[in-house]
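Written below as structure tokens is the structure these notes are about.
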Amino acid sequence: MEQTELVKKEKELVVPGDVIARGLEYLPGAGCYRYENEVRSKLLGLVRLKDRFLSVVPLAGVYIPKAGDGIIAVVEDLQSTFWILDINSPYDAILQLGEAVGEFVDITKTDISVYYDIGDVIYTKILNVSRSKSVQLTMNDYRAKKLVGGRIMKITPSKVPRLIGKEGSMIELIKNKTGCLIVVGQNGVVWLKGECEGFAAKAILMIEAEAHTEGLTDRVTAMLEKGVE
Amino acid sequence: MLQQWKVFDMAKTENYIKKLIETNLRIDGRAFDQFRQTQIETDFIGTAEGSARVLIGNTQVIAGVKMDVIEPYPDTPNEGSLVVDCELVPLASPEFEPGPPNEEAVEIARVVDRGIRESHCIDFEKLCITPGELAWTVHIDVHIIDHDGNLIDAAALAAISALLTARIPKLDTNNKPVRVMSKEGQALLPMRDKPVEITIGKINSTFLVDGNLDEETAFDARLTLAVNSAGNLCAAQKGGKGWFTTDELLKAADIAIEKAEELRKLLPKGV
Amino acid sequence: MGGKKVGAPENLIIGNKRLDDRTPEDFRPMEMSVGILKHAIGSATFNFGNTRALAGVFGPRAFHPKFLQDPQKAVLRLKYAMAPFSTLDRSRPGHSRRSMEISKVATDALASVVFVEDYPRTGIDVFVEILQADASTRCAGINAASLALADAGVPMRNLITSCSVGKIDGILVLDIGGLEDNFGEVDMAVSMIADQDKFVHLQMDGIVTKEEWGQLLTMAREGCGEIYKKMAAALRERYATTMEGV
């Protein structure tokens with residue numbers, strides 16, 4: 001009676017409330033919840049199974065900040081010792097002076113806008129997220145830097161892994177074929193700079209629209225090769 | 001026993017109420033199907049055609065009936081009409097703010113309205129003065145003046161009590177109502193039924209009637225049923241973010257019919 | 001009971017046929033589509049015959065004013081409105097007490113399944129617009145809202161399904177339409193969690209005996225079960241793979 005049973009397969013499309021597995025052996029991960037002895041989906045999305053953890057990757061939705069994520073943020077406001085940034089989420093983020101600048105800064109003599117001003121775009125790392133979703137950022141990471149020039153676009157955050165591809169293969173493909181500088185944030189914000197910005201953007205939007213399908217890499221390659229001629 | 005209670009945060013009223021319910025107790029010692037002391041006083045406001053003050057425990061509501069002569073609605077040329085409004089008067093509770101009716105006030109007004117309207121207790125045809133031209137409109141204003149829970153039931157009780165004792169003003173030669181405080185020579189508003197509304201609150205799988213303010217914070221869901229004198233249901237409204245199963249809804253109907261019969265005995269006689 | 005209202009048809013049901021040829025247990029034709037608006041994060045339409053509802057979702061997003069935020073969960077708000085051209089006689093734009101009440105009960109119905117604890121301090125706004133009204137508008141609106149929330153990636157325990165039942169000429173019927181709403185005896189709107197026996201919304205006008213009460217509830221529950229299958233299919237359809245080997 002207490003049978004363990006996987007009702008849905010990996011990559012199968014589920015709707016909220018769908019039973020993914022029965023029995024206590026499978027555990028509910030992101031996008032899932034436990035109801036009695038079942039693991040059910042919270043979302044409209046695709047099933048993922050890793051070890052005993054079931055999760056559902058949503059096909060839409062906002063970015064929920066997670067510690068450790070590398071994201072692209074835009075400065076919205078600043079006070080004397082910290083900046084407030086838009087991270088493409090219902091939650092704003094704070095970057096403290098101490099997490100942004102290595103040297104000592106005399107704030108009575110310096111306005112911190114000399115480092116980052118309103119409107120500046122930065123690639124930064126989420127240091128921590130409190131339970132009530134207060135987000136702290138840090139520039140103390142080898143990848144963190146100000147992104148100058150170029151343009152910004154946004155895609156559904158849950159599709160970022162598809163855009164990056166296995167070990168970066170998909171994003172490298174686009175970079176190579178278009179000659180653009182591209183930085184992808186886990187929060188769904190993408191920064192592009194180069195002569196073929198528009199073309200790279202097109203490829204990115206195509207990936208976003210078809211992220212849930214098979215054979216995408218081939219189609220993107222074909223589209224890029226055709227276009228670059 | 002004590003171990004189960006460890007889960008609850010004693011400081012929160014809602015959790016305290018739930019804990020008590022599990023031991024079959026209500027915070028004021030009542031039985032689950034027991035109303036607080038209920039009093040109805042009619043002819044409370046002299047300037048109104050009919051009025052009633054209802055107390056259920058500490059909850060206090062005043063309803064006033066005003067009547068006016070208007071042109072009937074085009075699709076019912078031989079009938080009068082009914083309008084019900086509810087005001088959550090700020091002095092009734094620190095939660096009530098001055099201003100136009102919010103969704104809570106609107107819901108109470110509309111649920112009270114439906115209990116009266118759907119029971120057909122008012123014979124709207126008898127309110128017709130001249131077909132197609134003049135008819136009486138009955139305006140019931142329910143004012144909540146002290147909030148200790150169960151506002152819908154108290155409001156409905158006050159409204160029906162005011163209607164049962166309302167008197168139709170005399171008309172002058174221009175067919176305008178003669179506005180005087182004296183009710184001498186005025187006929188009672190003809191009423192055909194005495195609908196009563198009972199709200200049942202659900203906490204886990206326990207049903208409570210007449211929840212007070214504290215108990216209402218612990219309700220998972222509530223169901224208000226309007227019952228007519230024949231013991232039939234004439235209106236229903238579910239509220240809250242919880243749910244009811246079919247069996248629970250059937251059980252609630254039984255409770256409501258029984259309680260409505262009890263409260264009906266307290267209503268004024270009417271015509 | 002009083003005489004018949006002006007304009008009332010002689011019969012609403014003759015034998016087993018209603019005015020639009022349906023049997024008592026038939027739904028009007030249902031149509032729904034998901035993800036049809038560009039800006040709303042999630043959107044959907046839902047039709048019961050000539051009743052057409054459109055829903056759009058914004059959020060979870062920052063919620064202002066700050067003092068109304070809930071530090072532990074998202075605040076879900078459903079706003080129901082009828083377009084002035086949705087009724088044969090133009091209705092006044094803006095709120096009415098009726099739309100306020102419907103907004104309240106519909107919000108409560110959906111809040112029963114949305115995982116609001118996953119998004120503290122935010123707001124989730126669902127806007128329901130009735131484009132064409134032919135009775136059971138709140139039911140169509142709630143179904144559209146449920147689909148739109150799923151489309152938006154808002155986590156929910158399950159879908160919410162909604163339909164109406166009632167009594168016309170003494171017969172209990174499913175899915176009240178047009179004239180049946182104006183001239184029938186009983187009208188009941190319910191919403192349930194998927195195809196389960198859990199009523200999250202219920203409103204009724206009209207006189208029923210205890211037995212009829214039970215029969216209507218059962219009819220509504222079965223109706224919602226049918227709607228659930230169609231809604232789940234519509235959501236899957238949204239992402240049906242149509243690009244195989246292009």
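We name chains A, B, ... by the order of the sequence lines, and we start the count at 1 in each one. The structure displayed is predicted, hence computed values, not measured ones.
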Quiz item: By a 4.5 Å heavy-atom criterion (distance strictly below it), what part of B:Asp193 contacts chain C: side chain, backbone, both, or neither?
Solution: neither
Exercise. Using non-hydrogen atoms and a 4.5 Å limit, figure out which bit of B:Ala105 sits close to chain C: side chain, backbone, both or neither.
Key: neither
Crowded around [X] [atom1]? As in, over 12 foreign heavy atoms under 6.0 Å?
{"X": "C:Leu68", "atom1": "CG", "result": "yes"}
{"X": "B:Tyr73", "atom1": "OH", "result": "no"}
{"X": "C:Lys104", "atom1": "NZ", "result": "yes"}
{"X": "C:Gln72", "atom1": "CD", "result": "no"}
{"X": "C:His95", "atom1": "NE2", "result": "no"}

Hey, does [Y] have a side-chain heavy atom less than 4.5 Å from the side chain of [X]?
{"X": "B:Arg110", "Y": "C:Arg98", "answer": "yes"}
{"X": "C:Asp187", "Y": "B:Glu118", "answer": "no"}
{"X": "B:Trp243", "Y": "C:Ile193", "answer": "yes"}
{"X": "B:Asp254", "Y": "C:Lys210", "answer": "yes"}

Quiz item: With distance as the sole test, does B:Asn232 use its side chain to make a donor-acceptor pair with the main-chain N or O of C:Ile207 at under 3.5 Å?
Solution: no
Exercise. Decide yes or no on side-chain contact (heavy atoms from CB on, under 4.5 Å) for C:Phe199 and B:Leu249, but give the supporting numbers first.
Key: CA-CA 9 Å; C:Phe199 290 83; B:Leu249 291 171; 3.4 Å; yes
Quiz prompt | Nearest heavy atoms of B:Ala236 and C:Leu202, plus distance in Å | solution = CB-CD2, 3.7 Å
Given the options [options], which has more heavy-atom pairs under 4.5 Å with chain C than any of the others?
{"options": "B:Glu107, B:Glu104, B:Arg117", "result": "B:Glu107"}
{"options": "B:Asn228, B:Leu223, B:Val106", "result": "B:Val106"}
{"options": "B:Pro101, B:Gly240, B:Ala253", "result": "B:Gly240"}

Quiz item: chain B heavy atoms under 4.5 Å from C:Arg221: which part of the residue, side chain, backbone, both or neither?
Solution: side chain
Self-check item: Contact origin within C:Val105 toward chain B - heavy atom pairs under 4.5 Å
Solution: side chain
Self-check item: Spatial distance of atom CD (B:Glu103) from atom CD1 (C:Ile102) [nearest 0.5 Å]
Solution: 12.5 Å
Quiz prompt | Approximate separation, where rounding is to 0.5 Å, of C:Met204 CE and B:Thr224 OG1 | solution = 12.0 Å
If you count heavy-atom pairs under 4.5 Å with chain B, which of [options] comes out on top?
{"options": "C:Glu212, C:Met192, C:Arg97", "value": "C:Arg97"}
{"options": "C:Thr218, C:Val208, C:Leu217", "value": "C:Val208"}
{"options": "C:Gln196, C:Lys198, C:Met100", "value": "C:Lys198"}

Exercise. Would you mind checking if C:Asp108 and B:Arg222 are paired as a salt bridge, meaning a charged N to carboxylate O distance below 4.0 Å?
Key: no
Exercise. Tell me, with the steps shown, if C:Val114 and B:Lys241 meet side-chain contact (heavy atoms from CB on, under 4.5 Å).
Key: CA-CA 10 Å; C:Val114 172; B:Lys241 297 177 172 51; over 6 Å; no
